[in-house]
Amino acid sequence: MPAVAPGLPAAERAAMLNPQRSVSELPKMSAASQVERAVLEEEFNWLLKDEVHAVLKQLQDVLKEASRRFCMPNPGLESPLKPENFILGSSTMDQVKGVLTLQGEALTQADINLKVAKSSQVLHFQFREDKQWKLQQIQDARNHVNQALQLLSSRDESYRFKTGAEVNKLMDAVMLQLTRARNRLTTPASMTLPELATSGLMKMFSPPMPGDVMINFYINLSKLCLTVYQLHVLPPNTTKNFRPAGSAVLHNPGAMFELNSNRFEVSHVHKVESVVPWLNDTLVFFTISLQLCQQLKDKISVFSSFWNYRPF
């Protein structure tokens, strides 16, 4: 690169640094650049004033539809959601069959038949009439959706965004809540066997669950899952081979645990499930919303790239 004398005019210095362009072209290029910049500034101002709010309104509409599906029934008040019955069973095995009634985030009824492996005796359990079981995953997902809606409503149509960074900050906060909501439905919580054994769920049934049976309900993507564990008590002299199981979503036969000085081993595991269509819809709403957020961030990024570009 040729040395440039510090006393030369700016146009001549630029020409020496970029010899492919003549000095006579520089004023034209500068004028064209200014026009281009003015046009982009006008487009960017329109984006901040109008399009951002249009996207925020679209996001609110989608997330309100998702939130509506999570509504919890209130005693004495009619819920916008009607109870839905889901039949859980397997076409290849009939050890466990169940009918669960889901209303929003609450299991309002459960009717379960369990065929005991050894005796082929059929045990029947159902929720006590005064009991409902909240599915924590759905409850948490609903809370994250509501937090995303609060973030969006904090910037009404009269609010004027001043910078792209301000829009990106809002989109990042909304996307964080939506990602957490989606993860709660797609990733069931891990639990230890003692946690399952002492869960409040075990006190929901009439007649009471026997001591050698445990159950768990959870959501996996768009499926409502029921897992039943049959146990047997280990003799006191099994210390040598006793290895307590850790935390897991689904424990396998052979898993061991200790509770109230007794040691147990899982002898049989039965899992049945049913698809919940509105949960599938909700996951689609999350995907659409995340895409809307990312598309807006991408548009902001295009303008940011221009502001960061400085011709000679």
Side-chain angles (χ1 to χ4, degrees), residues 86-100 102 107 109-128 131-138 140 183-276:
F86 295 95
I87 299 174
L88 284 70
S90 170
S91 59
T92 58
M93 47 187 281
D94 60 354
Q95 279 85 353
V96 173
K97 292 183 178 179
V99 179
L100 305 183
L102 181 64
L107 283 172
Q109 294 178 8
D111 196 303
I112 299 170
N113 289 323
L114 168 64
K115 182 181 291 186
V116 180
K118 292 182 179 179
S119 63
S120 294
Q121 177 188 4
V122 177
L123 304 179
H124 178 247
F125 310 97
Q126 61 187 39
F127 274 178
R128 291 164 44 184
K131 294 291 185 179
Q132 292 185 355
W133 182 254
K134 290 184 181 180
L135 291 167
Q136 190 67 43
Q137 289 173 264
I138 296 180
D140 290 346
N183 288 346
R184 285 301 287 130
L185 298 181
T186 60
T187 310
S190 296
M191 296 182 69
T192 64
L193 289 166
E195 287 172 342
L196 281 173
T198 56
S199 164
L201 183 58
M202 301 303 295
K203 301 175 182 178
M204 294 281 296
F205 291 90
S206 175
M209 284 277 177
D212 59 352
V213 175
M214 299 191 309
I215 72 164
N216 190 25
F217 298 117
Y218 60 88
I219 299 297
N220 186 11
L221 294 168
S222 60
K223 295 178 180 178
L224 175 59
C225 304
L226 162 64
T227 305
V228 179
Y229 297 95
Q230 289 183 251
L231 314 171
H232 68 82
V233 180
L234 293 171
N237 59 354
T238 56
T239 305
K240 182 178 179 181
N241 296 321
F242 181 75
R243 293 183 179 83
S247 184
V249 175
L250 182 66
H251 295 272
N252 295 320
M256 303 176 186
F257 70 102
E258 184 171 0
L259 184 67
N260 299 328
S261 300
N262 292 319
R263 291 178 171 176
F264 299 88
E265 181 179 17
V266 175
S267 58
H268 297 84
V269 180
H270 310 292
K271 179 185 174 184
V272 289
E273 58 190 27
S274 179
V275 172
V276 180

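Keep in mind that what you see is a predicted model, and the values were worked out from it rather than measured.
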- Rounded to the nearest 0.5 Å, what separation is found between the CG atom of Leu226 and the CD1 atom of Ile112? 5.0 Å

- Query: Partners of Phe125 by ring-ring contact (aromatic ring centres under 6.0 Å, His included), sequence neighbours excluded?
  - Reply: none

- Look up atom NZ in Lys134 and atom CG in Leu201, then write down how far apart they are to the nearest 0.5 Å. 15.0 Å

- Contact summary for Gly200 and Trp133, nearest pair of heavy atoms: C-CZ3, 3.7 Å

- Would you check if the side chain of Ser267 reaches a backbone N or O of Gln230 as a donor-acceptor pair within less than 3.5 Å? yes

- Message: Please find the pair of heavy atoms, one from Glu195 and one from Met191, that lie closest to each other, and give the distance.
- Response: OE1-CA, 3.4 Å

- Taking only residues at least two apart or on different chains, which pairs with a member in residues 207-227 satisfy ring-ring contact (aromatic ring centres under 6.0 Å, His included)? none

- Measure the CG-OG distance between Leu185 and Ser222 for me, rounded to the nearest 0.5 Å. 9.5 Å

- side chain to side chain contact (heavy atoms under 4.5 Å, CB included) against Ser206, all qualifying residues, sequence neighbours excluded: Arg128

- Side chain to side chain, Leu102 and Leu135, heavy atoms closer than 4.5 Å: yes

- For Glu265, enumerate each residue passing the salt bridge (Lys or Arg N to Asp or Glu O under 4.0 Å) test, keeping only those at least two apart in sequence or located in another chain. none

- Enumerate the residue pairs fulfilling salt bridge (charged side-chain N to carboxylate O under 4.0 Å, His left out) with a member in residues 208-220, sequence neighbours excluded, ordered by first and then second residue. none

- For residues Pro188 and Thr186, report the shortest heavy-atom separation together with the two atoms involved. CD-O, 3.6 Å

- Query: Do Phe257 and Thr192 touch side chain to side chain, with heavy atoms closer than 4.5 Å?
  - Reply: no

- Message: Ignoring hydrogens, what is the shortest heavy-atom contact between Pro210 and Leu123? Give both atom names and the distance.
- Response: CG-CD1, 4.3 Å

- Message: Are the side chains of Met209 and Met204 in contact, using a 4.5 Å heavy-atom criterion?
- Response: no

- Task: For residues 249-261, pull every pair meeting side chain to side chain donor-acceptor pair (under 3.5 Å), keeping only residues two or more places apart or in separate chains.
- Result: none

- Query: When rounded to the nearest 0.5 angstrom, what is the spacing between CD in Gln109 and CD in Gln126?
  - Reply: 8.5 Å

- Item | Nearest non-hydrogen partners of Leu234 and Phe264, listed with the distance | CD1-O, 3.8 Å

- Message: Let me confirm one number: the CG-CG distance from Leu224 to Leu88, rounded to the nearest 0.5 Å.
- Response: 5.5 Å

- Message: Any side-chain to backbone donor/acceptor pair from Gln137 onto Ile219? Under 3.5 Å, distance only.
- Response: yes

- Message: Do Leu231 and Val213 have side chains that approach each other closer than 4.5 Å (heavy atoms only, starting at C-beta)?
- Response: no

- Least distance between heavy atoms, Leu107 atom then Phe127 atom: O-CE1, 3.4 Å

- Query: Given Thr227, which of Val249, Val272, Leu196, Leu250 fulfils the side chain to side chain contact (heavy atoms under 4.5 Å, CB included) condition?
  - Reply: Leu250

- Task: May I ask you to test the Asn220-Glu273 pair for a side-chain heavy-atom distance under 4.5 Å?
- Result: no

- Approximate separation, where rounding is to 0.5 Å, of His270 NE2 and Lys115 NZ: 10.5 Å

